[in-house]
Amino acid sequence: MSSDFEGYEQDFAVLTAEITNKIARVPRLPPDEKKQVVANVEKQLEEAKELLEQMDLEVREIPPQSRGMYSNRMRSYKQEMGKLETDFKRSRIAYSDEVRNELLGDDGNSSENQLIKLREERAHLLDNTERLERSSRRLEAGYQIAVETEQIGQEMLENLSHDREKIQRARERLRETDANLGKSSRVLTGMLRRRSLQDQVHSTLKKST
């Protein structure tokens with residue numbers, strides 16, 4: 001199983017490196033090329049999400065006692081994925097040459113109100129992005145707590161099952177001991193009775209002589 005997980009890790013590393021490189025180029029690209037690269041990045045982000053889902057499924061198949069290391073790695077990859085998505089959103093709304101030309105025109109004379117409006121819209125988008133990131137982190141934390149709770153529950157069930165087996169074995173040994181003691185008690189009682197009879201016989205013989 002770990003070999004499959006590591007294979008997904010390698011694919012994820014290569015893919016995210018390509019995405020990072022393209023995101024950095026987006027604001028500086030001419031309109032036509034920018035549109036093409038943006039579409040390509042969107043497709044690659046979806047592929048990266050699918051890889052994360054496959055990796056997550058692989059981790060769930062790992063025994064609880066060995067799952068911790070892979071869970072930590074998954075947490076790191078999901079954080080990296082969230083950062084890529086945020087960077088991509090910001091790169092798309094950054095001040096590209098295309099946006100500046102539309103606002104300023106060739107002579108650079110544009111209404112200051114238009115620039116203020118653009119800045120406000122950009123700030124609003126960034127604020128929404130940050131809120132989404134916070135929500136995503138809370139969901140991730142909740143998921144991690146659920147996974148850890150499940151692991152603890154499984155370990156407790158395993159320990160209880162093991163303790164139950166110990167108790168059952170102890171009860172069986174106790175029953176065997178009780179049975180042996182009962183047999184020993186009956187043997188000793190018989191011996192005492194025979195000894196008592198022998199003493200009575202000897203006493204009678206002495207009196208008769």
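Residues: numbered from 1 along the sequence shown.
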- prompt: If we only count heavy atoms from C-beta on, is the Ser76 to Arg73 side-chain gap below 4.5 Å?
  reply: no
statement: Here the gap from Asp11 atom CG to Gln54 atom CD, rounded to the nearest 0.5 Å, amounts to 11.0 Å
statement: In short, Leu84 meets Ile23 closest at the heavy-atom pair O-CD1, 3.5 Å
Residue pair Lys78, Asp56: steps toward the side chain to side chain contact (heavy atoms under 4.5 Å, CB included) verdict: CA-CA 10 Å; Lys78 289 177 180 179; Asp56 205 12; 3.6 Å; yes
Hydrophobic cluster membership, Leu57 vs Met81, 4.5 Å side-chain cutoff: no
- prompt: At what distance, to the nearest 0.5 angstrom, does CE of Met74 lie from CZ of Phe5?
  reply: 6.0 Å
- prompt: Which value, rounded to the nearest 0.5 Å, describes the distance between Leu15 atom CG and Gln10 atom CD?
  reply: 13.5 Å
- prompt: Passes side chain to side chain contact (heavy atoms under 4.5 Å, CB included), Gln44 versus Lys22? Steps please.
  reply: CA-CA 10 Å; Gln44 288 183 316; Lys22 290 177 181 178; 3.3 Å; yes
CD on Glu6 to CE on Met55, rounded to 0.5 Å: 10.5 Å
field: Over all atoms of both residues, closest heavy-atom pair of Glu80 and Thr16
entry: OE2-OG1, 3.4 Å
query: Any side-chain donor paired with an acceptor under 3.5 Å for Tyr70 and Glu58?
result: no
field: Within 6.0 angstrom of Glu42 CD, more than 12 heavy atoms from elsewhere
entry: yes
- prompt: To the nearest 0.5 Å, what is the distance between NZ (Lys34) and CZ (Arg25)?
  reply: 13.0 Å
task: Would you indicate whether Arg169, at its atom CZ, is surrounded by more than 12 heavy atoms from other residues, nucleotides or ligands within a distance under 6.0 Å?
output: yes
field: Over all atoms of both residues, closest heavy-atom pair of Ser91 and Pro27
entry: O-CG, 3.8 Å
message: I'd like to know if Glu46 pairs up with Lys49 as an ion pair, taking the criterion as any Lys NZ or Arg NE/NH1/NH2 lying under 4.0 Å from an Asp or Glu carboxylate oxygen.
response: yes
- request: Please lay out, stage by stage, how Met69 and Asn72 fare under the test side chain to side chain contact (heavy atoms under 4.5 Å, CB included).
  value: CA-CA 5 Å; Met69 176 183 67; Asn72 291 335; 5.6 Å; no
For Asp87, the option from Lys89, Arg90, Lys83 that meets side-chain hydrogen bond (donor to acceptor under 3.5 Å, both in side chains): Lys83
